[in-house]
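When a residue number appears, it is its place in the shown sequence, counting from 1. All values reported here derive from a predicted model rather than from experimental measurement.
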Amino acid sequence: MALAELYTQYNRVWIPDSEEVWQSAEITKDYKAGDHFLHVQLEDGTELDYPVDPPALPPLRNPDILVGENDLTALSYLHEPAVLHNLKVRFVESRLIYTYSGIILVAINPYKQLPIYGDAIIHAYSGQNMGDMDPHIFAVAEEAYKQMARFSNQSIIVSGESGAGKTVSARYTMRYFATVSKSSSNAHVEDKVLASNPITEAVGNAKTTRNDNSSRFGKYTEISFDPSYRIIGANMRTYLLEKSRVVFQSENERNYHIFYQLCASAMQPEFKHLKLGSAEEFHYTRMGGSTTIEGVDDRANMIETQKTFALLGLKEDFQMDVFKTLAAILHLGNLEITLEDNHLNIFCELLELNSDKMAQWLCHRKIITTSETVIKPMTKPQALNARDALAKKIYSHLFDYIVERINQALQFSGKQHTFIGVLDIYGFETFDVNSFEQFCINYANEKLQQQFNLHVFKLEQEEYMKEDIPWTLIDFYDNQPVIDLIEAKMGILELLDEECLLPHGTDENWLQKLYNNFVNKNALFEKPRMSNTSFIIQHFADKVEYKCEGFLEKNRDTVYEVLMEILKESKFRLCADFFQDSPVSISPFSSTISIKSARPVLKSPNKQLRMTVGSKVLCTVLLCDFRSSLSLLMETLNATTPHYVRCIKPNDEKQPFEVLLCRKRPTGSPSPTYQWTYIEFFSRYSILMTQQELSFSDKKQICKIVLQRLIQDPNQYQSGRTKIFFRAGQVAYLEKLRSDKLRHACIVIQTSVRGWLQRRRFLCMKQAAITIQQYFRGQQAITAQALKQTWAAIIIQKYCRGYLVRKLCQLIHVAAVTIQAYTRGFLARKKYRKVQYKWDFSNWKQRLLCKRDGDKGSNPCYFCLACVILLSSTYFCKNKARSFSSKCLIVSFRILEKNFQSQKQDYEKEIASLKGEIKVLREEKTQLQQQIQQEITIQDDLKIEVGQLTKQAQVKLDSLHFGVFPPRGVVVNTIPGLPAHILFMCVRYADYLNDADMLKSFINVTIDGIKQVVKENSEDFEMLSFWLSNTYYFLNCLKQYSGEEEFMKHNTPRQNNNCLKHFDLSEYRQVLSDLAIQIYHQFILVMENNIQHMIVPGMLEYESLQGISGLKPTGFRKRSSSIDDTDTYTMTSILQQLSYFYSTMCQNGLDSELLKQAVKQLFFLIGAVTLNSLFLRKDMCSCRKGMQIRCNISYLEEWLKDKNLQSSNAKETLEPLSQAAWLLQVKKITDDDAKEICEHCTSLSTVQIVKILNSYTPIDDFEKRVTPSFVRKVQVRATPLLFDIKVTGHFIHSVFVAAYLYLAFVSDHVTALHAVTVH
């Protein structure tokens, strides 16, 4: 696809602007080939027809989803406005100072202290891959450390302009190495390495207009490691010290810090002999008009400098020699060309020189010809120049001497295994006026840029070869022509050296030679149109115009030989050694390290010492020295694997997190290719795939088919073995297709929803209209005629209804009378019959009684039959009485027969049940008799076994002194607490014998044996769990049966009778308590070590909810190397590990409260490690990742519920992580949202909340970023960022121990817990 096709409506571009440099604009009309204008709308709403040139269309803006990325190479368009905008968003809005740009770490100076360099951050980055965490200087240091351990020597190149923070960045890398690689000796080598920084900063750093602590020299520090990768020593090389600062400072600048520190300490007794005063009293320290730095205490810094000298083993004699030399330089600066000068006398006194000779030769010079020697007086300016040259020479030698002594202090014995070099060097510089110093600095940067280009080219080609990409090697920018212009034969350097040799050589003559040799002959060299004293060089970064004034003088570094001879005759040993003819340079690594360059390096000619004709002047060609040391540096760098840190200065006002100066051009990063793994591509762009394409099982094949359909030009991408390589702009095109597809889907959804809402609204409106019409029409129908008719109808209805009601009432009345008549007749007849029946019943009753008395032996049913006959005769008439009586008699007999049968069956069942019970009782009796017999047999066997065990125990006690036998094999098969009870039985036996020696020997051997087992199995979780449980049981028994009242409260009388009688074991209980705490420490440590590496992959990286965590384009640092990542840990891995811990503790019978506390500690570790990693990983701070975290937390809560551990309070330790996951998902726009966040996130500090908000990263274009204004609403106070994941002293003392467990030792040894260390 052509790049011009991307200039369509809604896409955004960058328009050049005179004030903002670049301004964003949105295209309002599709651009077509041949159009001379691009129709755009600026962010303020202004419509603009921007004139365009088809070959040079304005740069396209990246999608919002990519803005603020950790790696600039993840941007679809990597050009100047995209880089600057991304850095500005990260620095100003997100307050992030580090950003990757491929293999470069870009560091922006925040101009304030940030809480991101503590030991907790160092440990968080230790062991992590470089792309897994947010960009940080510690990530670069960790990468260098790991590569050193795996492959070979490494170098970290820190560059940048003055004030960009190079020195601080280099200092933090060295601090990282010192922290993660502690030396094995007691010499504290890492502390000495760090101590070298304050000293070099004191003598080599100064305040400038750009930086209060600007390094005025380059420094390469080699940190040496042994085969165990621990620091054993270091060596330092320095480059191009700015000697001119000793004698001259611009306005608002200072000399080197050490001078002001010395003046601030002038009144101290040990410095009074130096005869110093305040800095305002000396010419060399007051020239810039700024002798103090706000917030800096020079006196305190002097004390710190003296301490670091002492830490390096540089004694007070050496320190005083250095301070005497520095004081002499200050007095030399105050020297006036007069007959009597007090400062000259002090200068000669301090350096022990002949004051008369010094006074003479500071004002005269010796000219030697072939026939005579002439002494010529100098003018005052010439004398002042000679004085300044001498001061610069003395300080230069002193600086080199201090560095040499530091190297001696960091020297090591033995052989160096590997090293990591840290290069803190000046970056490319261009000012309004550029001179000799800028020329040297930019020359060094050209060499470093060439080394960088070759390294990047090598990495890319290795990647292509690894992926089997059959691309033709393309050319890349090579700055070798610029380097040749400077250092080749008859180049700028050689012409400068040649002019310096001439007695009357001048800057103008040298410049004219440059014009003659290079103007119109070399495209990289130009002559300014409006100047005859300057020349222009086209460097890799920009064109730089250099003023030729002072080039020769600075390159010569001239000092008169007579003055040098006077200094050689000094009785002050240090001063005399400085100016010996052949000073011996100490290099501790000269015999221990062999560096072989990856390519030939141009050797510089031996022109270090020149003698001019006619004037006996010692002339050191400075550029030759610099060129030689630079060649050695490049040789070293070429023999190592480099890592790059580019420091940037955001503004000249030194304001923290202020607007980034967009005029700073990015340099030193070639255009990369964009790489995706097949899995990443499939996950991101599956929305663009058809159902037919998705039907294939091979994802790699699917990706290739999709790319063939989407990108017609095969030259725009290449498919490797595990990755897809894209040319610039293609990822943006794919993102556009994806956004269009999602936008179309949103439109379809919106269409359907809006249609449904409109139909629903229409139906409601239609129903309302019908109702209104109904009432309106009814209102219109009400007239006078209608009212009359309605009234008439009501009258008619009234009379009609009255008639009907009266008629109905009459019928009811007749019916009621009739019913009353029949009812009254029925009641009268009923009353008559009742009287008659009562008389008949009396007669029959008397007859039956008489009959019963006469026939007592007759059938008992006779009375019932008679009653039936009586009742039947009572209720029926005469004719019917007999018939009814006979029927009732038959029924009565049947009922009685049935009752007899029922009673018979009940009796039979009861008899059967009783027989069954008798049988069961007989069987139980038989079983009881058998059990009694077995118990008798067992008792006999036990008596025999107890006798045997007693004999064996006696033999062991006598011969082996009760040695402890550690378990062998699988300890979980042992009965919980059995070893503890056996040990206590031995204690009771010794108490029974009242043998103190036996008891003491046994307990000591027991404790020593447990310690030995724990030491030998310090990483065996099962063994530690076993002995922790048994140590607790053993200690519990000693307390329960100690005979002390506090432990006997819950004993039974029988237990109290079995207490120990003869010995007080309180001292041994104390020792056992300490031992139990030691085991618990190691027990927790082993659990944490076994699970910690699973936490981040399982809790953060693994997708528990498949398909919701969409991938974004990733940069160079985050590229995967395989399609199937089968070795990663999942949430299931964590749960399985927790289950293993739990089952092992249960099988070993660990106390339930200690078990709960151990689980709580593990959950705290899981929550803290996950949250800490979330804070340091911006790519994980998204809404979808919050859903994943919340799902994983629910799995942990379900595990607690399944193991019945809800009462352990382990769930509460996950509350901060749960709140962080909620914060990622909640809306973050309005004031109410901010209030809700502050109220809900009670377990998170404000700093932690702000960190998550600043790191929040949308996954899709439809998500919105958190605005800086919203972040400010919730930012109230500052607290530490990371959680402490270490096992703290409260973990065992917060356990609630029930009284019946007799484990009071847990709370008795609070102080002992902090002092215990498991060895």
Side-chain angles (χ1 to χ4, degrees), residues 12 20 24 26 43-45 61-70 84-99 108 110-112 114-116 134-135 650 655-660 1109-1110 1112 1171-1190 1215-1282:
R12 290 179 294 175
E20 299 293 332
S24 177
E26 184 177 292
E43 290 184 338
D44 58 4
R61 178 171 173 174
N62 288 291
D64 283 341
I65 185 178
L66 298 180
V67 176
E69 277 296 299
N70 287 342
L84 294 176
H85 180 65
N86 196 79
L87 293 176
K88 179 179 177 181
V89 169
R90 289 178 60 83
F91 181 69
V92 178
E93 297 181 7
S94 300
R95 303 295 179 95
L96 301 172
I97 67 173
Y98 293 112
T99 305
I108 304 177
Y111 288 117
K112 66 180 296 186
L114 299 179
I116 58 173
D134 280 354
Q655 295 298 319
F657 295 108
E658 287 296 329
V659 177
L660 185 70
S1109 295
K1112 293 171 54 179
L1171 194 56
N1172 289 349
S1173 183
L1174 186 67
F1175 289 143
L1176 299 174
R1177 297 186 64 170
K1178 184 175 181 289
D1179 59 314
M1180 293 294 174
C1181 294
S1182 64
C1183 178
R1184 299 182 184 184
K1185 185 56 65 176
M1187 297 171 61
Q1188 296 279 11
I1189 295 172
R1190 193 66 197 90
E1215 187 61 25
L1217 180 61
S1218 179
Q1219 292 180 7
W1222 175 86
L1223 180 58
L1224 292 174
Q1225 296 175 264
V1226 75
K1227 188 172 69 171
K1228 298 173 274 289
I1229 300 175
T1230 64
D1231 293 344
D1232 293 336
D1233 297 336
K1235 181 180 179 181
E1236 183 183 5
I1237 289 173
C1238 294
E1239 292 176 352
H1240 186 273
C1241 298
T1242 56
S1243 298
L1244 297 174
S1245 69
T1246 304
V1247 171
Q1248 292 164 346
I1249 295 173
V1250 170
K1251 175 63 177 178
I1252 294 176
L1253 293 178
N1254 283 332
S1255 301
Y1256 184 79
T1257 304
I1259 296 296
D1260 287 308
D1261 294 334
F1262 307 101
E1263 296 183 48
K1264 299 296 181 183
R1265 293 183 178 273
V1266 182
T1267 61
S1269 59
F1270 181 84
V1271 175
R1272 285 192 290 270
K1273 294 175 184 177
V1274 296
Q1275 188 173 10
V1276 179
R1277 62 185 185 279
T1279 53
L1281 175 64
L1282 298 184

Check: Any sub-3.5 Å donor-acceptor pair from Asn86's side-chain atoms to Gly68's backbone N or O?
Finding: yes
Margin query: Quick check against the 3.5 Å criterion: does Lys1228 have a side-chain atom that pairs as donor or acceptor with the backbone of Leu1223?
Written below: yes
Over all heavy atoms of both residues, which pair between [X] and [Y] is shortest? Give the atoms and the distance, please.
X       : Y       : result
Cys1181 : Leu1174 : SG-O, 3.5 Å
Leu1171 : Ala1220 : CD1-CB, 3.5 Å
Gln1248 : Ser1243 : OE1-O, 4.5 Å
Thr99   : Arg90   : OG1-NE, 2.8 Å
Pro650  : Phe91   : CB-CE2, 3.8 Å

Check: Are Asn1254 and Val1271 close enough, and set up right, to give a side chain to side chain contact (heavy atoms under 4.5 Å, CB included), and what steps lead you there?
Finding: CA-CA 7 Å; Asn1254 283 332; Val1271 175; 3.6 Å; yes
[X] side, atom [atom1]; [Y] side, atom [atom2] - distance, nearest 0.5 Å:
X       : Y       : atom1 : atom2 : answer
Leu1217 : Arg1190 : CG    : CZ    : 9.0 Å
Phe1270 : Ile1237 : CZ    : CD1   : 3.5 Å
Lys1178 : Ser1182 : NZ    : OG    : 10.5 Å
Leu1244 : Glu1215 : CG    : CD    : 9.0 Å
Asp134  : Ile116  : CG    : CD1   : 10.0 Å

Checklist line | Distance-only donor-acceptor check, side chains Arg12 and Asn62, under 3.5 Å | finding: no
Would you say the side chain of [Y] lies within less than 4.5 Å of the side chain of [X], judging by non-hydrogen atoms?
X       : Y       : result
Asp1179 : Thr1257 : no
Lys1251 : Ser1255 : yes
Pro110  : Ile97   : yes

Next item on the list: Determine, stepwise, if the pair Tyr98 / Ile108 fulfils side chain to side chain contact (heavy atoms under 4.5 Å, CB included).
Entry: CA-CA 7 Å; Tyr98 293 112; Ile108 304 177; over 6 Å; no
Checklist line | By side-chain contact (heavy atoms from CB on, under 4.5 Å) - contacts of Asp1232 (at least two apart) | finding: Thr1230
Next item on the list: Could you name each residue pair satisfying ring-ring contact (aromatic ring centres under 6.0 Å, His included) that touches residues 1230-1259, not counting sequence neighbours?
Entry: Trp1222-His1240
Checklist line | Residue list, salt bridge (charged side-chain N to carboxylate O under 4.0 Å, His left out) with Asp1231, at least two apart or on another chain | finding: Lys1273
